[in-house]
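Counting starts at 1 for both ligands and their atoms, following the listed order. Predicted, not measured: the structure shown is a model, and the values here were computed from it.
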Amino acid sequence: MRRLQGIPVSGGSRIGRAVHHEAVPFAATSRRSVAPDEVASELERLSTAQREADRGLVEAQKALVVDPKVGSIFEVHRMLLEAVTPEIADAVRAGTSAEHAVETVLRRHANRLAQLADPVFAERRQDVLDVERRLLRALAGSPAPRVPEGDGRSPVVVVAEDLTPSETAALAGGRVVGLVLEHGGPTSHTAIIAKALGFPCVVGVRGVVGAVAPGTEVWVDGAAGVVVVDPDSVSRAEAERRGVAYEAHERALLEESHLPAETLDGHAVTLLANIEFPLEVGAAAERGAAGIGLFRTEFLFDPARPVPDEEEHLAAYRAALERVRPGRLTIRTFDFGADKATPGGATDERNPALGVRSLRWCFAHPDTFRAQLRALLRVAAEGDVRIMLPMVASLDDVRRARAMLAEASASLLREGVPHRPDPPVGAMIEVPAAAVIADVLAAEVDFFSIGTNDLIQYALALDRTNEHVAPLFRPSHPSVLRLITQTVRAAAGRGIPVTMCGEMGGEAVYTVLLLGMGLRELSLTPAVIPRVRRLIRGLTLARARAIAARSLRFATADEVDTYLHRALAGVLAPVRPGG
Ligand code: PEP
Ligand code: MG
């Protein structure tokens with residue numbers, strides 16, 4: 001028996017026989033160039049392959065309606081395919097074979113993505129390579145990837161160095177009960193698909209391909225991120241117990257999605273969702289989200305394409321609004337910079353997290369910002385749309401953004417374009433300076449949303465992307481708790497709503513603490529909404545208040561955490577599988 005540790009991607013506990021998944025070979029041509037009189041027929045081959053690849057993507061999208069987020073991935077692949085085809089055709093016109101042109105163009109895009117500092121975009125490289133493989137397969141007339149079957153009888157755990165999103169999607173509905181990869185991060189599309197398919201997945205397991213011979217029994221414990229090779233009878237029994245408990249737990253949580261998020265003493269909490277793409281609204285609604293509390297619009301920007309224009313913004317916002325109605329749609333303006341990809345490529349700033357990011361970047365690129373603001377005002381006329389400003393650090397930031405909104409409204413009015421001139425405008429509280437002057441800001445915005453991912457980074461001087469300081473990233477640090485308290489009080493003083501959209505809101509012990517501190521709206525990753533709902537329903541607000549009052553008196557994060565885990569042991573049990 002051997003135990004390997006990796007990064008947990010999706011929960012569940014299953015045992016199966018290992019099957020190595022290797023890239024499907026395709027008969028690529030060795031021809032690199034074509035003669036001028038062959039260009040027309042080569043272009044015809046390319047166009048047929050493009051149509052074939054697109055048809056395959058539409059089919060994959062239809063076959064995977066289990067989770068709208070998965071469908072959106074294939075939508076992105078289709079867009080990518082459409083975007084790169086003219087470039088490939090140009091290369092063919094210049095005398096390159098279709099296969100070689102596909103490889104050259106897509107490898108160039110993939111390499112560019114791999115160089116980006118933001119791991120999310122770097123992981124998108126797999127999507128580009130996936131499209132490359134699909135096109136090459138279509139050109140060669142090769143069949144679609146085969147799902148590994150193992151011995152055809154036992155459940156299968158797929159073990160591979162890495163898989164593309166399409167290869168992962170193809171594992172659906174077969175004998176596959178688990179996926180283990182040497183590479184990859186928890187935010188890759190491959191990981192997202194594995195999550196949606198509902199089997200346990202662990203990534204970043206070093207040396208796993210060499211350590212596990214095909215046919216060996218493997219236990220994948222997705223929640224713990226552990227892979228046990230050749231488990232003994234004790235481990236097998238434990239795997240079975242955890243698996244049964246996990247599945248029953250997930251089913252039960254999802255079945256509660258229609259229940260109100262209300263404490264035992266009758267206080268309602270609004271649960272909203274954080275999304276990156278319009279299609280994710282479906283996953284949020286399925287989990288009973290009352291609306292969208294954070295739409296991260298910077299993900300509409302694809303480094304391989306130009307920045308979205310006004311109509312593209314409008315189409316994305318409308319697509320989200322149609323799905324979220326009558327719920328609210330809180331759209332955050334571009335939050336480029338720092339660890340996120342920025343149009344024009346990474347800047348040469350020494351400290352990008354403290355540089356021209358977010359609103360500062362928008363002010364420095366008024367035309368790009370104006371297009372977004374005009375689209376926001378237009379879509380605001382069609383439903384409950386709220387505009388959220390990221391990284392507000394001063395009242396000047398709010399005033400400047402509001403002035404640009406007023407200008408955008410005036411221009412739309414002049415052009416006779418229907419829009420709402422005065423939608424609610426809120427500030428994210430994610431810079432300590434903003435929390436400290438929250439009373440001042442509250443007078444000039446319509447709502448607050450606390451972004452603890454950045455608030456903690458800036459308050460504690462810890463780069464949120466640096467694994468070396470990750471253990472110090474503590475939401476329970478007394479200075480963070482004081483900044484939140486101050487913000488909540490300032491909002492109450494002015495009678496404006498305050499939401500929390502940072503990851504802290506979805507961590508069970510802190511959810512209770514935040515409710516006790518006065519928060520009544522949480523915007524969460526869709527996957528954690530059912531768990532948070534159950535937690536709230538098993539708690540009185542009176543208890544949460546008492547717990548918060550006590551927590552705020554401690555001097556260190558350790559003291560707060562120790563107390564919270566002890567005080568909440570009974571409350572946390574029902575939200576843990578097997579608890
Ligand atoms: C935050 O900073 O808490 C937040 C929600 O925004 P992002 O994670 O997109 O920076
Ligand atoms: Mg942030």
Side-chain angles (χ1 to χ4, degrees), residues 116-121 185-187 271-277 280 284 289 291-301 320 329-342 351-362 372 386-393 397 401 426-435 438 441 447-466 470 473-477 479-481 483-484 487-488 497-507 510-511 513-514 517 519 521-529 532:
L116 292 174
D118 182 348
V120 173
F121 282 111
T187 55
L271 296 183
L272 304 160
N274 296 344
I275 61 163
E276 285 79 36
F277 302 101
E280 289 173 81
I292 302 303
L294 166 63
F295 180 176
R296 290 182 163 105
T297 58
E298 55 280 3
F299 288 95
L300 294 175
F301 164 67
L329 175 62
T330 313
I331 305 176
R332 179 173 76 179
T333 57
F334 280 144
D335 188 27
F336 289 129
D339 56 326
K340 292 175 189 157
T342 305
N351 290 305
L354 304 178
V356 187
R357 65 167 292 198
S358 213
L359 259 192
R360 294 172 194 162
W361 187 93
C362 289
Q372 179 169 45
R386 306 174 191 196
I387 299 173
M388 187 151 88
L389 306 172
M391 293 288 298
V392 167
D397 285 338
M428 279 197 72
I429 304 295
E430 51 182 350
V431 177
L441 296 174
F447 63 92
F448 283 157
S449 188
I450 306 174
T452 42
N453 308 343
D454 277 312
L455 187 62
I456 298 170
Q457 151 164 278
Y458 292 122
L460 304 186
L462 298 167
D463 177 353
R464 66 191 258 196
T465 66
N466 180 344
F473 197 92
R474 305 285 292 273
S476 50
H477 190 297
S479 83
V480 175
L481 301 185
L483 290 169
I484 296 172
T487 306
V488 173
V498 55
T499 307
M500 153 93 46
C501 64
E503 295 298 308
M504 180 182 182
E507 287 182 51
Y510 303 135
T511 307
L513 178 58
L514 294 168
M517 287 163 75
L519 276 150
E521 291 189 355
L522 300 173
S523 192
L524 307 159
T525 303
V528 308
I529 291 176
V532 171

Side-chain touch L389/D397, heavy atoms, less than 4.5 angstrom: no
Per-atom contacts, ligand 1 versus G502 - under 4.0 Å to a heavy atom: 3 (O)
Residue C501 vicinity, atoms of ligand 1 by number, heavy atom under 4.0 Å: 5 (C)
Given L519, I429, L483, L514, the one that forms side-chain contact (heavy atoms from CB on, under 4.5 Å) with V488: L519
Heavy-atom check, side chain of E298 versus side chain of R332, under 4.5 Å: yes
Which segment of T452 sits under 4.0 Å of ligand 1 when only heavy atoms are counted: backbone
Close side-chain approach of I450 and M504, heavy atoms under 4.5 Å: no
Shortest-distance N/O/S atom, E430 versus the Mg ion (ligand 2): OE1
Numbered atoms of ligand 1 (with element) below 4.0 Å of D335, judged on heavy atoms: 10 (O)
Heteroatom distance test (R296, ligand 1): nitrogen or oxygen, under 3.5 angstrom: yes
Ligand 1-proximal atoms of N274, by part, heavy-atom distance under 4.0 Å: neither
Ligand 1 contact on I450 by region, counting heavy-atom pairs under 4.0 Å: neither
Residue of the set T330, I387, V498 for which side-chain contact (heavy atoms from CB on, under 4.5 Å) holds with F447: T330
Sub-4.0 Å heavy-atom contact, E503 with ligand 1: no
Polar contact flag for E430 and ligand 1 (N/O pairs, less than 3.5 Å): yes
Per-atom contacts, ligand 1 versus L294 - under 4.0 Å to a heavy atom: 5 (C)
Proximity of M504 to ligand 1 by residue part, where a heavy atom lies under 4.0 Å: neither
For the Mg ion (ligand 2): the N/O/S atom of D454 at shortest distance: OD2
Side chain to side chain, M388 and L294, heavy atoms closer than 4.5 Å: yes
Close side-chain approach of R386 to T499, heavy-atom, < 4.5 Å: no
Modelled atom types, side-chain donor and acceptor of D335 and S358, under 3.5 Å: yes
Close side-chain approach of M391 and Y458, heavy atoms under 4.5 Å: yes
